[in-house]
Amino acid sequence: MLKLSANISLLFAELPFLQRFEAAARAGFAAVEAMYPYDQDPAQMAEQLEAHDLEMSVINLPPGDYSAGERGLATLPGRSADFDRALETGLAYASQLRCRRVHLLTGNLGRGMTFEEVHPTLRRNIARAADYYAGHGILVLLEPLTREMLPHYSLTRVEQALELIHDIGAPNLRLQLDLYHTQQEQGNLAALIERHFDDIDYIQIAGVPGRHEPTVGEINYGYLLDLLQARGFAGWIGCEYVPAAGTLDGLAWARERKLLQPRGDRGKYHI
Ligand SMILES: O=C(O)[C@@H](O)C(=O)CO
Ligand SMILES: [Mg+2]
């Protein structure tokens, strides 16, 4: 059966962050994911995971100065100290949350820079991250992100990510395929899933346009989820979308596919 993880940076936003763990468990999720949990106390998050028998399926590594538009440090020359600090902080959180995956945001292209020009710095830093986390049994994931959201982002296509993954060759360096982003950059999702199935560790889903439930928009997730089911995809599928209305009502699609196992009174929170 396909495994869903609730992105509690976006889902259950009707509740304070620390209450979203219980709400996700009651709704029937076995895991949660978070984008940038670094404003939270990891001990409190760990308590919630334990209390509600949840896995933390993935967290992003610290992205640099987010408010300044930084989305990762791996492409930026002269930032190795910040990059190393991000690896250390990510490890502290992942360890305390027993999270076995971190998403390494690669960073923006500097003004006037091309992917080819940043490639040596990027490759070196990704290899450094993979080596750093390998010793802790943690996977490092690369996720192509669309320029519709991040116009200057460095890693936008599946083929770019796979070239780095295969060239570096670290066994703990894997692909995070976000179908919301990849639809906007290159489409052809079913063929990409089929062609690169063995390289995909993690999938995320959201509707295009609007980043709402997978039932809204141009992507036929019924077809894609059937394909993943038929291929026996065993990784997590992150529900990384902004509910169009209420979170619980918006999960009807997952309940209809019997992908959620509600625990206790799902409606405890009046959301
Ligand atoms: O798809 C996304 O936006 C996230 O998975 C992410 O890591 C970058 O924000
Ligand atoms: Mg994503």
Side-chain angles (χ1 to χ4, degrees), residues 3-11 13 17 29 31-40 56-75 86-87 89-90 93-94 97 99-109 122 125-126 129 133 138-158 160-161 164-165 173-186 189 192-193 196 199-214 216-217 219 221 224 228 233 235-243:
K3 304 186 312 182
L4 299 185
S5 178
N7 185 298
I8 54 173
S9 299
L10 301 178
L11 296 182
F17 185 81
F29 287 98
V32 294
E33 59 175 48
M35 287 176 168
Y36 306 106
Y38 303 103
D39 59 345
Q40 297 291 330
M56 195 83 204
S57 53
V58 67
I59 58 174
N60 291 342
L61 287 181
D65 184 347
Y66 191 91
S67 58
E70 292 182 342
R71 294 296 183 275
L73 300 162
T75 53
L87 297 184
T89 303
Y93 271 73
L97 302 176
C99 181
R100 287 197 58 251
R101 288 168 188 79
V102 292
H103 164 218
L104 171 65
L105 284 95
T106 52
N108 292 321
L109 295 174
L122 177 57
N125 282 326
I126 293 172
Y133 281 99
I138 293 176
L139 301 179
V140 174
L141 304 185
L142 299 183
E143 177 191 6
L145 301 176
T146 180
R147 284 164 295 187
E148 295 293 320
M149 182 174 96
L150 296 172
H152 308 295
Y153 199 64
S154 52
L155 197 76
T156 59
R157 291 182 68 88
V158 171
Q160 285 176 308
L164 284 158
I165 290 167
L173 183 61
R174 305 272 285 147
L175 178 66
Q176 176 172 324
L177 180 61
D178 186 319
L179 297 174
Y180 166 76
H181 288 284
T182 298
Q183 169 64 13
Q184 295 172 82
E185 279 301 303
Q186 54 192 109
L189 298 179
L192 285 170
I193 291 169
H196 304 301
D199 283 306
I200 304 169
D201 177 80
Y202 203 100
I203 285 178
Q204 292 175 315
I205 62 174
V208 173
R211 202 170 197 173
H212 296 307
E213 283 78 357
V216 178
I219 301 176
Y221 277 107
L224 295 177
L228 289 165
F233 181 68
W236 289 106
I237 298 176
C239 298
E240 191 179 38
Y241 63 80
V242 179

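Positions are given from 1 along the sequence. Start at 1 and go down the list; that is how both ligands and their atoms are numbered. Small disclaimer: the values here were computed from a predicted structure and weren't measured.
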Worksheet item: Considering only heavy atoms of N60, which atoms of ligand 1 have at least one such atom less than 4.0 Å away?
Response: 6 (C), 7 (O)

Worksheet item: Are side-chain heavy atoms of T146 and Y153 found at a separation under 4.5 Å?
Response: no

Worksheet item: Do other residues, nucleotides or ligands put more than 12 heavy atoms under 6.0 Å from H152 NE2?
Response: no

Worksheet item: How far apart are the closest heavy atoms of G69 and N108, and which atoms are they?
Response: O-ND2, 2.9 Å

Practice prompt. Decide side chain to side chain contact (heavy atoms under 4.5 Å, CB included) for W236 and D201; before the verdict, give the C-alpha distance in whole Å, the side-chain angles of both, and the deciding distance to 0.1 Å.
Written response: CA-CA 8 Å; W236 289 106; D201 177 80; over 6 Å; no

Fill in: Side chain proximity check, Y93 to M56, heavy atoms < 4.5 angstrom
no

Discussion item. Please tell me whether S154 and T106 have a donor and an acceptor in their side chains that are separated by less than 3.5 angstrom.
Written reply: yes

Fill in: Heavy-atom nearest neighbour in the protein, as seen from atom 9 (O) of ligand 1, with distance rounded to 0.1 Å
Y36 OH, 3.7 Å

Worksheet, complete the sentence: atom 2 (C) of ligand 1 has as its nearest protein heavy atom R211 NH2, 3.1 Å

Worksheet entry | Subset of ligand 1 atoms that lie under 4.0 Å from at least one heavy atom of Q204 | 5 (O)

Worksheet item: For atom 4 (C) of ligand 1, what's the nearest protein heavy atom and its distance?
Response: E240 OE2, 2.9 Å

Discussion item. Can a side-chain donor-acceptor contact be found between S67 and D65 if the only test is distance below 3.5 angstrom?
Written reply: yes

Worksheet, complete the sentence: Any heavy atom of R71 under 4.0 Å from ligand 1? The part involved is neither

Fill in: E143: numbered ligand 1 atoms lying under 4.0 Å from its heavy atoms
1 (O), 2 (C), 4 (C), 5 (O), 6 (C), 7 (O)

Practice prompt. Anything protein N, O or S sitting under 2.8 Å from the Mg ion (ligand 2): count it and give me the total.
Written response: 4

Practice prompt. Report, in ascending order of atom number, the atoms of ligand 1 lying under 4.0 Å from any heavy atom of H181.
Written response: 1 (O), 2 (C), 3 (O)

Practice prompt. Start with the C-alpha gap between F17 and Q40, add the side-chain angles, then the distance that decides, and say whether side chain to side chain contact (heavy atoms under 4.5 Å, CB included) holds.
Written response: CA-CA 9 Å; F17 185 81; Q40 297 291 330; 3.3 Å; yes

Worksheet item: Could you walk me through whether I193 and L177 pass the side chain to side chain contact (heavy atoms under 4.5 Å, CB included) check?
Response: CA-CA 9 Å; I193 291 169; L177 180 61; 4.0 Å; yes

Discussion item. Using the rule given for side chain to side chain contact (heavy atoms under 4.5 Å, CB included), can you reason through R211 versus Y180, listing the C-alpha separation, both sets of side-chain angles and the distance that settles it, and then say yes or no?
Written reply: CA-CA 7 Å; R211 202 170 197 173; Y180 166 76; 3.6 Å; yes

Worksheet item: Looking at ligand 1, does M149 have a heavy atom less than 4.0 Å from it?
Response: yes

